[in-house]
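Quick notes on the structure that follows.
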Amino acid sequence: MLSRGQPNPILLLLFCGMIAMLLERRSFRAGLCLAGAICIKIFPAFLVLQPVVRRDFRCLLGVVVGLIGGLVLVPLAVFGPAGT
């Protein structure tokens, strides 16, 4: 699937992981799953409203940490400081 440019199964896996972690009350891990989905495609960013409305700061912290890791640290490690 990924060789054809179809990230939708990975997005579905990350969404299911987010829901499972929220049900298990592991908010930080749910935020990391949501951040992974946001790093792949931008439309899951609307789901950040869910922890904002619930005032779940651990989930928001997970999203922020995941976005820093996925959008800053990974490109920095792959492309270097000049390429990033």
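We count residues from 1, following the sequence as given.
In this structure, the separation between SG on C59 and CZ on R26 is 14.0 Å, given to the nearest 0.5 Å. Between the CG atom of L14 and the CG atom of L47 there is a distance of 11.5 Å, given to the nearest 0.5 Å. Rounded to the nearest 0.5 Å, atoms CD (Q50) and CG (L34) are 8.5 Å apart.
Connection of V48 to F57 is established within a shared hydrophobic cluster, with ILVMFWY side chains joined at heavy-atom distances below 4.5 Å, either directly or through further cluster members. Hydrophobic cluster membership is shared by I10 and L71, with clusters built from Ile, Leu, Val, Met, Phe, Trp and Tyr side chains linked at under 4.5 angstrom. By the rule that hydrophobic residues join a cluster once side-chain heavy atoms approach within less than 4.5 Å of another member, L13 and I38 end up as members of separate clusters. If you chain together hydrophobic residues whose side chains sit under 4.5 Å apart, V74 and F79 fall into the same group.
Shortest non-hydrogen contact noted between P7 and K41 is CG-CE, 3.8 Å. Closest of all the heavy-atom pairs between G70 and P75 is O-CD, 3.6 Å. Here the closest non-hydrogen pair linking P81 and L76 is CA-CD1, 3.7 Å. Across all non-hydrogen atoms, the minimal contact from C33 to G17 is SG-C, 3.9 Å. Across A37 and F15, no two heavy atoms sit closer than the pair CB-CE2, 4.1 Å.
L32 has its side chain out of reach of M21: every pair of non-hydrogen atoms, C-beta onward, lies at least 4.5 Å apart.
Within 6.0 Å of the CZ atom in F43, the count of heavy atoms belonging to other residues, nucleotides or ligands exceeds 12.
Between V65 and the choices I68, V63, L67, L61, the side chain to side chain contact (heavy atoms under 4.5 Å, CB included) rule is met once, by L61.
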